[in-house]
Number of protein chains: 2
Amino acid sequence: MAETPRPEPRYGNRPTMKDVAARAGVGLKTVSRVVNGEPGVTPETEGRVREAIDALGFRRNDSARVLRKGRTATVGLVLEDLADPFYGQLSRAVEEVARAHGTLLINGSSAADPGREQELALTLCARRVDGLIVIPAGDDHRYLEPEMRAGVATVFADRPAGLIDADAVLSDGFGGARDGVAHLIAHGHRRIGFVGDRPRIHTAAERLRGYRAAMEDAGLPVDERWVASGSTEPERVTAALAAMLSGPEPVTALFAGNNRVTVTAVRVLAGRAGGGPPVALVGFDDVELGDVLGVTVIAQDPAALGRTAAELLFRRLDGAAEAPRRVVIGTRLVARGSGEVPPSSG
Amino acid sequence: MAETPRPEPRYGNRPTMKDVAARAGVGLKTVSRVVNGEPGVTPETEGRVREAIDALGFRRNDSARVLRKGRTATVGLVLEDLADPFYGQLSRAVEEVARAHGTLLINGSSAADPGREQELALTLCARRVDGLIVIPAGDDHRYLEPEMRAGVATVFADRPAGLIDADAVLSDGFGGARDGVAHLIAHGHRRIGFVGDRPRIHTAAERLRGYRAAMEDAGLPVDERWVASGSTEPERVTAALAAMLSGPEPVTALFAGNNRVTVTAVRVLAGRAGGGPPVALVGFDDVELGDVLGVTVIAQDPAALGRTAAELLFRRLDGAAEAPRRVVIGTRLVARGSGEVPPSSG
DNA sequence: TAGAGCCTCGAAAACGTTGTCATACCAGGG
DNA sequence: CCCTGGTATGACAACGTTTTCGAGGCTCTA
């Protein structure tokens with residue numbers, strides 16, 4: 001008995017163009033022409049082909065197409081964490097631009113781990129994405145140089161690339177933080193705390209720099225006990241805030257270096273409601289319901305960041321060959337109350 | 001003169017296994033064996049191959065691999081809007097499970113448009129994703145039947161499939177809404193408003209059903225002017241709330257059918273601060289900073305939803321062939337104040 | 001009527017990988 | 001010395017498309 005050796009159904013045994021061609025009684029290439037809307041097919045022939053396509057439930061295998069054409073119509077986006085609304089909005093904006101270019105988007109979360117960032121980026125390159133947008137977790141991107149030379153268009157977003165020269169789209173962290181702190185100073189504060197992320201992270205360093213610049217511009221000294229930069233886990237931030245807010249000369253105002261810190265700060269300040277004088281707060285990056293809570297923030301525009309990065313990427317893909325460019329997206333101070341509280345004591 | 005006809009650099013002219021083989025002086029298949037860690041290669045030969053790989057900067061072309069192997073190690077996720085934190089968390093959970101299975105995830109946002117949902121899902125199928133998780137925007141998914149028959153594992157999440165029999169992972173909208181409304185009733189309310197999404201949306205309908213069940217369980221009548229189900233755009237919701245909260249017999253409590261409505265309701269209620277008696281509020285689905293705002297909610301667990309859907313998907317991919325299953329994920333009432341306000345007048 | 005030119009169409013190569021199978025080689029046993 | 005059996009290796013087909021190129025049929029003009 002000719003026992004069939006279980007022919008391992010690829011793709012679940014889908015019909016191919018060859019099958020369609022056989023059924024329609026035409027050549028393979030004719031099917032290809034119909035599927036791709038290429039000219040040079042009689043309406044009558046086209047009809048037969050379409051009929052066969054419908055009958056068999058044929059759908060073109062884009063994997064094979066990609067292999068032949070050399071372009072995948074796919075771009076990759078490596079970010080920190082899709083569950084963070086900031087990145088969610090950014091990703092969505094990239095997706096929209098990609099869609100307008102007939103391109104799919106693969107997202108990957110690095111979880112702020114440089115190793116995972118690299119693994120992800122290289123995996124995407126192995127898939128031969130046409131382009132890559134990277135929100136750096138690490139600070140050495142030389143591993144991408146061979147890929148970029150090999151033709152993978154690459155744009156960095158939110159933070160610049162490390163140790164290589166590449167396109168980058170950034171928020172104005174320095175200017176934003178400076179404006180925010182100046183706002184607090186204008187409302188009479190002189191002892192202002194800063195809580196931000198590890199200064200190895202470019203954005204965090206820029207914001208800290210903005211804080212110091214604003215203080216210096218106003219001729220105010222900075223007591224290093226007012227500055228906390230490290231992990232932004234709630235516990236650490238809470239501890240840091242507790243330290244700044246106690247002692248004989250507590251800070252009267254806070255500048256929060258990112259939205260996670262802002263959220264924690266809001267919680268801490270709300271929690272001590274009865275237990276202390278009001279403390280002013282300005283946060284970098286907006287938070288949901290910030291308007292209801294009355295939190296004054298330096299608003300970034302994650303969608304603009306994503307859109308701009310994607311547009312730059314597609315310009316590169318369309319052949320633009322200028323030198324790497326750095327684009328800075330402005331921030332906006334949104335006053336909602338928490339930043340306009342006057343200092344509670346001299 | 002033999003003018004070179006501009007040889008159109010594919011993938012930017014990357015080296016292939018053939019190039020590596022040539023340089024190492026071995027056969028093509030041997031390179032393949034080394035790259036894939038297959039046995040049967042002398043350490044000495046392997047050394048030569050690795051050297052060539054490094055020298056040329058070779059990286060395997062996964063597109064070609066996919067074509068040959070028939071599996072893409074990619075799954076697709078069609079959701080409504082990645083910028084919505086609910087879907088962001090869900091997507092992230094799916095990504096983690098996929099990662100554990102060595103699989104990449106392609107997200108696509110349907111923007112709640114059934115046409116776009118279909119377009120996206122079919123595009124993903126053309127890419128030959130191994131599996132698909134769909135958060136329905138439309139209510140007819142027969143278009144996916146050929147794909148599923150052809151072997152694309154498919155799981156629906158958050159809402160069930162329309163007109164086909166398929167796996168689904170859902171939140172307990174009925175039970176959650178019933179509990180939330182019962183909570184308001186337990187605090188003395190008798191005139192309770194419901195604001196939710198269009199009842200064509202399964203989740204919205206379930207929640208409305210839960211509202212009615214709770215009212216009926218308590219023997220309370222429902223005045224249809226208390227029920228608003230339609231678009232959840234802020235303007236519409238604001239208008240609906242204004243109507244319910246005015247008149248001789250305004251509602252004393254509100255049940256918000258989803259997080260967008262909750263946010264709008266919080267804004268509206270905060271906005272009328274001085275202008276009316278306090279109104280109790282329970283929202284379906286948590287919102288960021290809900291704890292600080294003191295909003296009582298029926299919390300869903302988007303991460304559990306995503307994780308469960310992904311796990312079910314991979315079980316299918318591993319060959320599980322049971323009948324389609326429906327999994328329900330429980331909800332949790334989180335009391336934070338807004339739902340415990342007593343009625344302001346008889 | 002012949003030649004030119006256009007249009008429709010299909011055969012065959014190519015894309016870069018993996019699977020199948022044959023070959024060459026070596027050691028060991030008879 | 002031959003045969004057996006295992007190991008290392010490579011030649012070649014296959015995956016499902018797109019690309020290239022040429023064949024045939026038609027119309028038009030001279």
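Chain letters run A, B, ... following the sequence lines, proteins first and then strands; every chain starts at 1.
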Residues B:Val155 and B:Val169: closest non-hydrogen pair is CG1-CG2, 4.3 Å
Closest to the side chain of B:Arg65, out of C:dT17, D:dG16, D:dT18, is C:dT17
When rounded to whole Å, the CZ to C1' distance for the pair A:Arg128 and C:dT17 reads 11 Å
Under 4.5 Å between any side-chain heavy atoms of B:Met148 and B:Ile164, yes or no? yes
From CG of A:Leu67 across to P of D:dT17 the rounded distance in Å is 12 Å
**Asked** Going by modelled atom types, is there a donor-acceptor pair between the base of C:dT18 and the side chain of B:Arg68 at under 3.5 Å?
**Response** yes
A:Asn61 atom CG is separated from C:dC15 atom P, nearest whole Å, by 19 Å
For A:Phe156, the ring-ring contact (aromatic ring centres under 6.0 Å, His included) test, sequence neighbours excluded, returns A:His141
Rounded to whole Å, the CD-P distance (A:Glu38 to D:dT18) equals 8 Å
Rounded to whole Å, CZ of A:Phe58 lies from C1' of D:dT17 at a distance of 9 Å
Residues pairing under salt bridge (charged side-chain N to carboxylate O under 4.0 Å, His left out) where one sits in residues 91-114 of chain B, two or more places apart or in two chains, turn out to be A:Asp81-B:Arg92, A:Arg116-B:Glu96, A:Glu119-B:Arg99, B:Arg92-B:Glu95, B:Arg92-B:Glu96
Heavy-atom distance under 4.5 Å between the side chains of A:Val75 and A:Ile133, does that happen here? no
From CE of B:Met17 across to C1' of D:dG10 the rounded distance in Å is 14 Å
### Query
If only side-chain N and O atoms of B:Lys69 are considered, is one of them under 4.0 Å from the OP1 or OP2 phosphate oxygen of C:dG19?
yes
The salt bridge (Lys or Arg N to Asp or Glu O under 4.0 Å) partners of B:Glu311 (sequence neighbours excluded) come to none
Ignoring hydrogens and angles, write down the donor-acceptor pairs under 3.5 Å from the side chains of residues 39-49 of chain B, residues two or more places apart or on other chains.
residue: B:Glu44; atom: OE2; partner: B:Arg48; partner atom: NH1; Å: 3.1
residue: B:Glu46; atom: OE2; partner: B:Arg50; partner atom: NE; Å: 3.1
residue: B:Glu46; atom: OE2; partner: B:Arg50; partner atom: NH2; Å: 3.1
residue: B:Arg48; atom: NE; partner: B:Ala24; partner atom: O; Å: 3.1

Q) Hey, does B:Asn36 reach any base, or is it just sugar-phosphate, or nothing, if we go heavy atoms under 4.0 Å? A) sugar-phosphate
With a 4.0 Å cut-off on N to O distance, would you call B:Arg59 and A:Glu147 a salt bridge? yes
B:Lys18 NZ to C:dA14 C1', in whole Å, measures 9 Å
Rounded to whole Å, CG of A:Asp19 lies from P of D:dC15 at a distance of 11 Å
Heavy atoms from other residues, nucleotides or ligands near CD of B:Glu51 exceed 12 (cutoff 6.0 Å) = no
Produce the list of close N/O pairs, under 3.5 Å, pairing protein atoms with atoms of nucleotides 7-11 of chain C; give distances to one decimal.
residue: C:dT8; atom: O3'; partner: A:Thr42; partner atom: OG1; Å: 3.0
residue: C:dC9; atom: OP1; partner: A:Thr42; partner atom: OG1; Å: 3.2
residue: C:dC9; atom: OP1; partner: A:Thr45; partner atom: OG1; Å: 2.4
residue: C:dC9; atom: OP2; partner: A:Thr42; partner atom: N; Å: 2.8
residue: C:dC9; atom: OP2; partner: A:Thr42; partner atom: OG1; Å: 3.4
residue: C:dG10; atom: OP1; partner: A:Gly27; partner atom: N; Å: 3.1
residue: C:dG10; atom: OP2; partner: A:Gly27; partner atom: N; Å: 2.6
residue: C:dG10; atom: OP2; partner: A:Thr30; partner atom: OG1; Å: 2.4
residue: C:dG10; atom: O5'; partner: A:Gly27; partner atom: N; Å: 3.4
residue: C:dG10; atom: N7; partner: A:Arg33; partner atom: NH2; Å: 2.9
residue: C:dG10; atom: O6; partner: A:Arg33; partner atom: NH2; Å: 3.4

The bend of the helix from C:dT1-D:dA30 to C:dG30-D:dC1, taken between the axes of its five terminal pairs at each end and rounded to 10°, is 60°
